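Data block below; observations after.
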Amino acid sequence: MKFKRIKLKRIILTSMTLLAVSPALLAKASFDFSINVSAEKKNHVIFVDDIDSLKGMASKLNENSDGQLSKLIALNKFKAEKGEILHLQMVADSESILIIGTKDSDGLSGPELQNLGGKIASSFNSAQDDIDVAIHVENLQTNEASPSAHLAYGYHLRHYSFDRYKTKKSEGQSDVSLISANAEESSNLYNNDLAYIAEGVHLTRDLATEPGNHMYPQAFVDVAKAKFKGIKNIDIDVLDMRDIRKLKMGALEGVGKGSVNDPRLLVIKYNGNEKGNAPIALVGKGITFDTGGISLKQNTGMWAMKSDLAGAAAVAGALYANAKRGEKVNLIGFMPLAENMPSQDAIRPGDVLETMKGVSIEIISTDAEGRLILADAVYYAQQKYKPRMLLNIATLTGSAGRALSDEYAAVITRDFELSRKMMTVGERSGENVWPLPLHPNHFKQIESPIADIKNSGAGNPGASIGAAVVATFIDDDLPWVHLDIAGVDWLESDIDVAPKGSQGWGVRFMDQLVRDNLN
Ligand code: BES
Ligand code: MN
Ligand code: ZN
């Protein structure tokens, strides 16, 4: 038995190096920002708010086509309603003209512009096809100073496909020119800031889409190390099983010990501010596969539990964005990583685990494992780093998904004002949250007859009970934000800024949170 295990780990070692170096996505996009169309472009994107008075490039293209454009608009009954799209092929000497309606859309927000950028990428099927396009950024009513940058950001977010395991790769190359008056500012905002968020989101999607046989705790660590290599002010600590045992993190150890792939606690520190400045702690659930353990999940849909590390992946993505743009902040990401497997060594229902904090937990369901690994991770974060704020993010409960579906992640705090602030952060970032309660009764429900607490209550409301377990490990006076993303991360169908599958939820939210410097 012992010998077999060592062999297994060897094999794993070779496959993991491969993973860390090969990109999941071959489709590339380049964005240039200019005042005029520099080279002949075959495809054009124009924004139209009134079909009876075409302006700017729209009117020019109409003239070039001897009025054909106008006729086609009428023929297709295009009304220029907000978000309406008409994609015309072969008009005069253009291969295609994509017309986007902007009627009555005064004050387009950043996320709305990003959605438009995503619509453009998907209209051109950008991940698959080569595309050479000029986006004429005019006739847009917005408060954003650089709408071009937001359009490019949205395009970049959508320009994604995961095809590492396909023989035929998606290799669509996009050459996008954004034409606007303030080209230089737009270029700065995109290249030194927004592009890094999109890269962070793609990193998160990669991690959450990788299958469990490739993405186990040490593999996550390897991918993160490769991705953060060479970035300024980054320090990485990796706690392995020995460290986890030494620190008495019995909950993280317990969840991880049923698997031949040992658990890890990955800590990525970004020191963008002075040394004494208290950090913001971001803690993400990193279950690399959730079978449920001995409390085994049912067969249907279990494959999707390969993305049960979406919280940890989002933390890595958000750190990446902040570090690359050099945000003036101290930020620490904590990613407890474990594989929840049933085995001879797995924890059982009824077992009692000792946490690093000293609080003992009776295991009612081994499938309520996320809160267990978070318990030790949030305690470690507070004890060792004294953060000024702690946010944890996790695919924690089916209950949060049923309550809020695709539109909102659940936010739970001890202080409703903080939840309100999080709703604003959400609106500004394009990733929305809605509050769920945390009531003294939820703590009553996790009282155990034989231990300090138990890891699940009678059932309802599941999201709040999960939060109560985590809250038990959070200092009372620490500003604390709990995000349950079980319902939002995995998309059953495309949205403007993401193809179906993992959307990398949380990178944009946490990026905005740090940017707004809320506390
Ligand atoms: N990873 C799951 C939650 C989940 C469900 C994520 C669906 C994404 C989609 C979590 O570990 C879990 O199993 N939660 C249980 C908790 C219960 C046993 C108290 C749940 O929600 O059913
Ligand atoms: Mn589970
Ligand atoms: Zn889980």
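Since the structure is predicted, the reported quantities are computational estimates derived from the model, not experimental observations. Counting starts at 1 for both ligands and their atoms, following the listed order. One-based numbering along the sequence shown.
Of the charged side-chain nitrogens involved, at least one lies within less than 4.0 Å of a carboxylate oxygen, so that Glu112 and Lys82 count as a salt-bridged pair.
Taking the six-membered ring for Trp and the full ring otherwise, the centers of His214 and Tyr165 sit less than 6.0 Å from each other. Ring pair His202/His156: centre-to-centre distance below 6.0 Å. In this structure, the ring of Phe289 has its center no less than 6.0 angstrom from the ring center of Tyr216.
Those atoms of ligand 1 with a heavy atom of Arg371 less than 4.0 angstrom away are 16 (C), 19 (C). In summary, the atoms of ligand 1 found under 4.0 Å from a heavy atom of Asp290, numbered by their order in the structure, are 1 (N), 2 (C), 10 (C), 11 (O), 13 (O). Listed by number with element, the atoms of ligand 1 under 4.0 Å from a non-hydrogen atom of Glu369 are 11 (O). Of all atoms in ligand 1, listed by their number and element, those nearer than 4.0 Å to a heavy atom of Asp308 are 1 (N).
Taking the Zn ion (ligand 3) as reference, Asp308 places its N/O/S atom OD2 nearest. In Glu369, the N, O or S atom that comes nearest to the Zn ion (ligand 3) is OE2. Nearest N/O/S atom of Glu369 relative to the Mn ion (ligand 2): this is OE1.
Among all heavy-atom pairs drawn from Ile244 and Leu265, the shortest one is CD1-N, 4.1 Å.
Angle subtended at the Zn ion (ligand 3) by Lys285 NZ and Asp290 OD2: 170°, rounded to 10 degrees. Between the O atom of Asp367 and the OD2 atom of Asp290, the angle centred on the Mn ion (ligand 2) amounts to 170° when rounded to 10°.
Within a 4.0 Å radius of atom 22 (O) of ligand 1, the protein contributes no non-hydrogen atoms.
Counting heavy atoms of neighbouring residues, nucleotides and ligands inside a 6.0 Å radius, atom NZ of Lys225 does not exceed 12 of them.
Scanning for side chain to side chain contact (heavy atoms under 4.5 Å, CB included) contacts around Asp129 gives Asn125, with sequence neighbours left out.
Remark: Arg205 is not positioned above the aromatic ring of Phe162, lacking an NZ or CZ atom under 6.0 angstrom from the ring centre and at most 45 degrees off the axis.
Side chains of Gln128 and Ser170: a donor-acceptor N/O pair is present below 3.5 angstrom, by distance only.
Geometrically, ligand 1 and Lys285 share a nitrogen or oxygen pair separated by less than 3.5 Å.
For atom 9 (C) of ligand 1, the nearest protein heavy atom (residue, atom name, distance) is Met305 CE, 3.5 Å. For atom 20 (C) of ligand 1, the closest non-hydrogen atom of the protein is Gly398 N, 3.9 Å. The shortest contact between atom 10 (C) of ligand 1 and any protein heavy atom is with Leu396 O, 3.2 Å. Of all protein heavy atoms, the one closest to atom 18 (C) of ligand 1 is Ser365 OG, 3.6 Å.
Remark: among candidates Asp367, Thr366, Ile485, the nearest residue to atom 15 (C) of ligand 1 is Asp367, based on non-hydrogen atoms.
Ligand 1 is never approached by Gly462 to a heavy-atom distance shorter than 4.0 Å.
Taking OH of Tyr160 as the reference point, atom OG of Ser502 lies at 7.0 Å (rounded to 0.5 Å).
Between the side chain of Lys357 and the backbone N or O of Thr472 there is at least one donor-acceptor pair closer than 3.5 Å.
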